[in-house]
Amino acid sequence: MVHHPTSTPTTAPLAHTDTEPAWLHRLHTPLQTSAEGALAGWTFAVKDNIDVAGLPTTAACPAFSLTATSHATVVQRLLAAGASLRGKTNMDQFACGLNGTRSPYGPVPNAFDPRLVSGGSSSGSAWVVATGQVDFALGTDTAGSGRVPAGLNNIVGLKPSKGLISTHGVLPAAQSVDCVSIFARTVDVAVQVLHTLAAHDPADPYSRALPLLDQPLPAAFVFGVPDRLEFFGDELARAAFDEAQARLRSLGGTPRTIDYAPLAEAAALLYESALVAERYAAVRDFFDAHEAEVIEPVRSILGAGRRYSAADLVQAQLRLKACAQRVVDLWQQIDVLLVPTAPTHYSIEAMLADPVTLNRNLGQYTNFVNLLDYAALSVPSSLRPDGLPFGITLIGPCGSDLQLAELGQRYHQASGLPLGATGQALPAPQPVQGLRASTAPASLKLAVVGAHLSGMPLNHQLTERGATLLEATTTSAHYRLFALPGTTPPKPGLQRRPGQGAPIAVEVWQVPMEQVGSFLAGVPAPLGLGSLELIDGRWVHGFICEGHALEGATDITARGGWRAYVAHTSANR
């Protein structure tokens, strides 16, 4: 359990019902501890192996249920960033599964066809995102549970580098390879959540301060494709993967066939060697006392961990290291690895009839990733002729999370797909925060909102640097404007608040790139350079304000812009 002091929910959760198979504990009133922050206005859910103070953590096993006394680190960080928690979601019991049917609370259906599996073990978290019930959700990923449900439900699944996000307060599946994963309908949202959560946490034995690569992949990149592709007879999936390769080529990629054997060998070790003992160790005390209350085939998976000795585990770890040595040169040949997220769709009925084989098939392209310390991003690729989603996963070395996000966002945009199962259009992309531009443009488009507007006191800082006015327009309707106290000359602060704002008047200026540095050097805190969404969906650079500076500031959103506010105050003096 996490030891952070925290607030607990003041309203009783709704129990799981058959009509809402994805939810196990849904709050009558969303839990919110801060109205400010980078994620203010966003809602989220968490998988039910992640602690939320005052709510039971069941891991989809009623006999295991324990009421958490504090939040998991990830929950604490999201609430502090202004996000609101809607509740906890269904899952494959003890995170043992990739299909979403291994729960005594019932299977979670696919968001596109309720006869089909949703993918697991983070099935409920994927479903509530795909159906638009929350803005994002947390799952966990040991063997693909943060990716398979994303691919089967037409959403984004970000599987971070190991140790980048704290797992403190998360019930382990196999702790040395566990990751907290992020489900969202766009890469933009997933990346913003990643930045909120990425931090070293001494309370997590496997946490690490991990620098992320900040240079995008080259414009002309090489993507690896396995030499052995298996779709288990699903020709629509095979055709969809061919289409995916063609799209990646159109984005500048060149395919290269890679030897998949060492990756497949590493994947097999997760369940077919002494490495499975780590799953048993995670719940050993409970399992030994309550084995009969664990459902099959989870009971057999956990029980298998008992038969291995310490020497067996050492031998399995050595075999894994040998696999890793065989693929060291892989990343000298390719920039990114492309695989199908899942090779096919299965019906719930078929999965229940053959739960081991079909579940293993869903992990055909996932199990090796955490074992070999890779980052991965699943993004929607297409809707097949039968209307079912097909997703691809981009895989890179540890620390390549932002590189994968930039390429994944471009790929997702090129797909033209709707958002999850909502039917809503994909919004314009946002620059990937923390990633440098691959080539420096000759000029920078900059949106100004206050004292740098035409005729305002600081406009000369633009004009004397040769900047030119391109257009007067407004932001999207997701911003609020504040008059900052104690600034000379008076200045406003702009803050993005999705769903709680209004269009704010701005001017877009074109600043010569060689002048940008000196211009920004004169911009005082709490203002800084960020990205703004314009009314037509475009994103440009612009001034944003640190949240702490808005304490005591006057909300002037109703005036529609700084110029109108200044005119109003002048007229009333």
Checklist entry - Will you find, in the side chains of R249 and T254, an N or O donor that is under 3.5 Å from an N or O acceptor? => result no
Item to check | Heavy-atom side-chain contact between V191 and D401 under 4.5 Å | outcome: no
Checklist entry - Would a 4.5 Å heavy-atom cut-off, applied to side chains only, mark I258 and I334 as touching? => result yes
Next on the checklist: Among V449, I535, L446, exactly one meets side chain to side chain contact (heavy atoms under 4.5 Å, CB included) together with V506. Which residue is that?
Outcome noted: V449
Checklist entry - Could you state the interatomic distance from OG1 (T33) to CG (L79), rounded to the nearest 0.5 Å? => result 4.5 Å
Checklist entry - Hey, are E278 and S176 close enough side-chain-wise for a donor-acceptor pair under 3.5 Å? => result yes
Item to check | Between CG on residue L453 and CH2 on residue W562, distance to nearest 0.5 Å | outcome: 10.0 Å
Checklist entry - Do F519 and H452 have their ring centres less than 6.0 Å from each other? => result yes
Checklist entry - Can you find a pair of side-chain heavy atoms, one from V369 and one from L263, that are under 4.5 Å apart? => result no
Checklist entry - CD of E464: more than 12 outside heavy atoms within 6.0 angstrom? => result yes
Next on the checklist: Between V156 and R185, does the side chain to side chain contact (heavy atoms under 4.5 Å, CB included) criterion hold? Intermediate values first, please.
Outcome noted: CA-CA 6 Å; V156 172; R185 289 183 292 279; over 6 Å; no
Next on the checklist: Do W509 and E507 pair up side chain to side chain, a donor and an acceptor below 3.5 Å, judged on atom types alone?
Outcome noted: yes
Item to check | Distance-only polar pair, side chains of K47 and S121, donor-acceptor under 3.5 Å | outcome: yes
Item to check | Whether R147 side chain and I392 backbone form a donor-acceptor pair below 3.5 Å | outcome: no
Checklist entry - If you measure only the distance, is there a donor-acceptor pair under 3.5 Å linking the side chains of R247 and Y411? => result yes
Checklist outcome for this item: Nearest heavy-atom approach of R86 to P30 is NE-CG, 3.3 Å
Item to check | CA sep, side-chain torsions, deciding dist, call: E36, Q495, side chain to side chain contact (heavy atoms under 4.5 Å, CB included) | outcome: CA-CA 10 Å; E36 305 291 340; Q495 188 175 65; 3.3 Å; yes
Checklist outcome for this item: Scanning both residues in full, the closest heavy-atom pair of A53 with H71 reads N-ND1, 3.0 Å
Item to check | Approximate separation, where rounding is to 0.5 Å, of L417 CG and I155 CD1 | outcome: 13.0 Å
Item to check | Presence of salt bridge, D555 and R497, under 4.0 angstrom | outcome: no
Checklist entry - Side chains of T89 and S125: do they bring a donor and an acceptor to under 3.5 Å? => result yes
Next on the checklist: What verdict does the side chain to side chain contact (heavy atoms under 4.5 Å, CB included) test give for D329 and Q333, after you've listed the backbone C-alpha separation in whole Å, the side-chain angles of each residue and the deciding distance to 0.1 Å?
Outcome noted: CA-CA 7 Å; D329 292 338; Q333 305 169 34; 4.2 Å; yes
Item to check | Nearest heavy-atom neighbours spanning I395 and L404 | outcome: C-CD2, 4.0 Å
Checklist entry - Within a reach of under 6.0 Å around CD of Q515, are more than 12 heavy atoms found that belong to other residues, nucleotides or ligands? => result yes
Next on the checklist: Show the nearest heavy-atom pair for residues L371 and A266, with the distance to one decimal.
Outcome noted: CD1-O, 3.1 Å
Next on the checklist: Testing the 3.5 Å rule here: is there a donor-acceptor pair between the side chains of S181 and D141?
Outcome noted: no
Checklist entry - To the nearest 0.5 Å, what is the distance between OH (Y479) and OG1 (T557)? => result 13.0 Å
Next on the checklist: I want to check something: taking the side chain as every heavy atom from C-beta on, are Q245 and L338 in contact at a cut-off of under 4.5 Å?
Outcome noted: yes
Checklist outcome for this item: Nearest heavy-atom contact between A190 and A184 is N-CB, 3.8 Å
Checklist entry - With a 3.5 Å cut-off and no angle check, do the side chains of T341 and T393 form a donor-acceptor pair? => result yes
Checklist entry - Any side-chain donor-acceptor pair under 3.5 Å between R436 and Q215? => result yes
Checklist entry - Parallel, tilted or perpendicular for Y374 and F368, by the 30°/60° rule? => result perpendicular
Checklist entry - Is there side-chain contact between V508 and L534, with at least one heavy-atom pair below 4.5 Å? => result yes
Item to check | OG on S122 to CG on D48, rounded to 0.5 Å | outcome: 11.5 Å
Next on the checklist: Please find the pair of heavy atoms, one from A35 and one from A40, that lie closest to each other, and give the distance.
Outcome noted: O-CB, 3.4 Å
Next on the checklist: Checking D201 against T73: is there a side-chain donor and acceptor pair closer than 3.5 Å?
Outcome noted: yes
Item to check | Minimum side-chain heavy-atom gap S123-P149 below 4.5 Å | outcome: no
Checklist entry - Stepwise, does the side chain to side chain contact (heavy atoms under 4.5 Å, CB included) test hold for D178 with Y206? => result CA-CA 9 Å; D178 284 351; Y206 291 97; over 6 Å; no
Checklist entry - Is there a donor-acceptor pair under 3.5 Å between the side chain of H195 and the backbone N or O of Q433? => result yes
Checklist entry - Which value, rounded to the nearest 0.5 Å, describes the distance between I504 atom CD1 and T473 atom OG1? => result 12.0 Å
Next on the checklist: Do D335 and F223 make a side-chain contact, defined as non-hydrogen atoms from C-beta onward lying under 4.5 Å apart?
Outcome noted: no
Checklist entry - Among side-chain atoms of Q430 and Q192, is any donor-acceptor pair under 3.5 angstrom? => result yes
Next on the checklist: Using side-chain heavy atoms (C-beta onward) and a distance below 4.5 Å, is F183 in contact with V134?
Outcome noted: no
